[in-house]
Amino acid sequence: DVKATFFVNGLNYADLSTKATQDALKKAYDAGHQIASHTFKHEDAAALSQADLYNTLLLNDKAIYNVIGKSPRHFRYPFLSRNAKTDAALASWGFDIVMINVDTKDYEHNSETTTEQQQIDANRARYLQDFKQLPAGSSVISLDHDFTKYIVSWTKAFVGDIKAKGYTLVTTAECIGTDA
């Protein structure tokens, strides 16, 4: 039984105003997964004014709150694009900023012609490359996308690989030692 953190956009690949997306988010939350923020439309936070950043986070917060009854506390930057001003603003608004140290770049191997095994192999090669750079015993926060074609198969492979390396899979809040 694995718990994950979902960094949610209100309107991107899915639309949080639709019942199907709301039901999926509520199901994930009720199953014990952590729900976190990722801007409303996957905007590049470092390119936004402070007011625009605040507004996109507020829109996203309202959309998430309306579904799960809780505001997200954790935030991951779209494109991992940040600067000192965005970090300070997010901290002043009470967000814990989450960065990653393993990136499968799964979106790069997500085409109509990519087979399931090709995507799994490409993702695995990429994250193993990142693992080689980590100091022994490091905590791992991995970036994966739930819109990729073979996400279920990839997740099963990834979970097996990570457990075989001796890791315990937890939510981001558990990993960094904060409340969700």
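Of the possible polar contacts, none joining the K105 side chain to the Y127 backbone as a donor-acceptor pair under 3.5 Å is found. Side-chain N or O atoms of T172 include none that pairs as donor or acceptor with a backbone N or O of T5 at under 3.5 Å. Looking only at distances, a side-chain donor or acceptor of N101 sits under 3.5 Å from a matching main-chain atom of S139. The main-chain N or O of L16 is found under 3.5 Å from a side-chain atom of Q22 such that the two form a donor-acceptor pair. Here the side chain of D61 pairs no donor or acceptor atom with the backbone of L57 at under 3.5 angstrom. Not a single donor-acceptor pair under 3.5 Å links the side chain of T56 to the backbone N or O of L53. Looking only at distances, no side-chain donor or acceptor of N60 sits under 3.5 Å from a matching main-chain atom of S37. Between the side chain of E174 and the backbone N or O of T171 there is at least one donor-acceptor pair closer than 3.5 Å. Proximity of a side-chain donor or acceptor of H42 to a complementary backbone N or O of P78 within less than 3.5 Å is not detected. Under the 3.5 Å distance criterion, the side-chain polar atoms of N83 are matched with a main-chain donor or acceptor of T86.
Shown here are the salt bridge (charged side-chain N to carboxylate O under 4.0 Å, His left out) partners of D44, two or more places apart in sequence or in another chain: there are none. Under the ring-ring contact (aromatic ring centres under 6.0 Å, His included) criterion, Y29 pairs with no residue, sequence neighbours left out. Scored by the ring-ring contact (aromatic ring centres under 6.0 Å, His included) test, Y167 finds F131 as partners (sequence neighbours excluded). Evaluation of the side chain to side chain donor-acceptor pair (under 3.5 Å) rule for N66 yields no partner, not counting sequence neighbours. Every residue two or more places apart in sequence or in another chain was checked for a salt bridge (charged side-chain N to carboxylate O under 4.0 Å, His left out) with K132, and none qualifies. Checked against ring-ring contact (aromatic ring centres under 6.0 Å, His included), F7 has no partners two or more places apart in sequence or in another chain.
Looking at D161 and R124, a side-chain N of the basic residue comes within less than 4.0 Å of a carboxylate O on the acidic one, giving a salt bridge.
Nearest approach of N9 to K41, heavy atoms of both residues: ND2-C, 4.5 Å. Heavy atoms only, all atoms of each residue included: I141 and M99 are closest at CG2-O, 3.6 Å.
Within a 6.0 Å sphere centred on CZ of F79, heavy atoms belonging to other residues, nucleotides or ligands number more than 12. Counting heavy-atom neighbours within 6.0 Å of K62 NZ, excluding the residue itself, gives a total of 12 or less.
Taking the six-membered ring where the residue is Trp, Y77 and F75 present perpendicular rings, their angle passing 60° and hence far from 30°.
When only modelled atom types and interatomic distance are considered, T114 and Q118 share no side-chain donor-acceptor pair under 3.5 Å.
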